[in-house]
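Below: the structure, in structure tokens.
In this chain, numbering begins with 1 at the start of the sequence shown.
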Amino acid sequence: QVQLVESGGGSVQAGGSLRLSCVVSGYTYSAYCMGWVRQVPGKEREGVAAIDNDGGNVKTSYADSVKGRFTISRDNAKTTLSLQMNSLTHEDTAMYYCAVDPDYRWLGGDCLIKIGEDNNYWGQGTQVTVSP
């Protein structure tokens, strides 16, 4: 059973940094699509950063709104997915969820889009609040 547990959210002033972590257990496949999704009440879910491996190269992708500020990574032990967030703005305030796509190893696709799908494995979420 795949389980995801996030940590690292909190409150910070604009311009500050936070690092989110997600411990992933139970996902043992070499091909993967994982990432971070955020949601603000009343707005659509937004995939902000994704990392994927289709059995060849590891690739990262980012939403335009966070490019150059956020960095996604996965540790060598393949247990922790991280999101380093720098130069935070008030618009980054949201609940952040880590997600793992369950069928990427068969279907492939655009990982940044796939991490926002309902049928993913999801963490419980961690709140990020950035004061202006």
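- With hydrogens and angles ignored, the 3.5 Å screen pairs no side-chain donor or acceptor of Ser87 with any backbone N or O of Gly15.
- Looking at residues two or more places apart in sequence or on another chain, you find a side chain to side chain contact (heavy atoms under 4.5 Å, CB included) between Lys67 and Tyr62, Asp64.
- Once rounded to the nearest 0.5 Å, the distance linking OG of Ser82 with CG of Asp75 reads 7.0 Å.
- The CG atom of Asp103 sits 9.0 Å away from atom SG of Cys33, with the distance rounded to the nearest 0.5 Å.
- In this structure, Arg74 CZ and Thr80 OG1 are separated by 9.5 Å, a value rounded to the nearest 0.5 Å.
- Among residues at least two apart or in separate chains, there is no salt bridge (charged side-chain N to carboxylate O under 4.0 Å, His left out) pair with a member in residues 1-28.
- With hydrogens and angles disregarded, no donor-acceptor distance shorter than 3.5 Å links the side chain of Asp101 to the backbone of Met34.
- Here the OG1-CG distance, from Thr71 to Asn86, works out to 6.5 Å after rounding to the nearest 0.5 Å.
- Looking at Glu46 and Ser65, their side chains do bring a donor and an acceptor atom within 3.5 Å of each other.
- If you chain together ILVMFWY residues whose side-chain heavy atoms come under 4.5 Å of each other, Trp122 ends up grouped with Val37, Met95, Tyr97, Leu112, Ile115.
- Atom-to-atom distance recorded for Cys98:SG and Ile72:CD1 is 9.5 Å, nearest 0.5 angstrom.
- Across every non-hydrogen atom of Asn120 and Ala99, the tightest pair is ND2-CB, 4.1 Å.
- Atom CG of Asn57 sits in a sparse spot, with 12 or fewer heavy atoms from other residues, nucleotides or ligands closer than 6.0 Å.
- By the 4.0 Å N-to-carboxylate-O rule, Asp54 lies too far from Arg105 to be salt-bridged with it.
- Although no hydrogens or angles enter the test, the distance criterion places no donor-acceptor pair under 3.5 Å between the side chain of His90 and the main chain of Ser131.
- For the residue pair Asp52 and Tyr104, a side-chain donor N or O sits within less than 3.5 Å of a side-chain acceptor on the partner.
- Here the NZ-CZ distance, from Lys43 to Arg38, works out to 9.0 Å after rounding to the nearest 0.5 Å.
- Note on Arg45 versus Asp118: salt bridge recorded, some NZ/NE/NH1/NH2 to OD/OE distance being below 4.0 Å.
- Distance alone, capped at 3.5 Å, is enough to place a donor-acceptor pair between the Thr126 side chain and the Gly9 backbone.
- Under the 4.5 Å side-chain heavy-atom criterion for ILVMFWY residues, no single connected hydrophobic cluster contains both Val23 and Val2.
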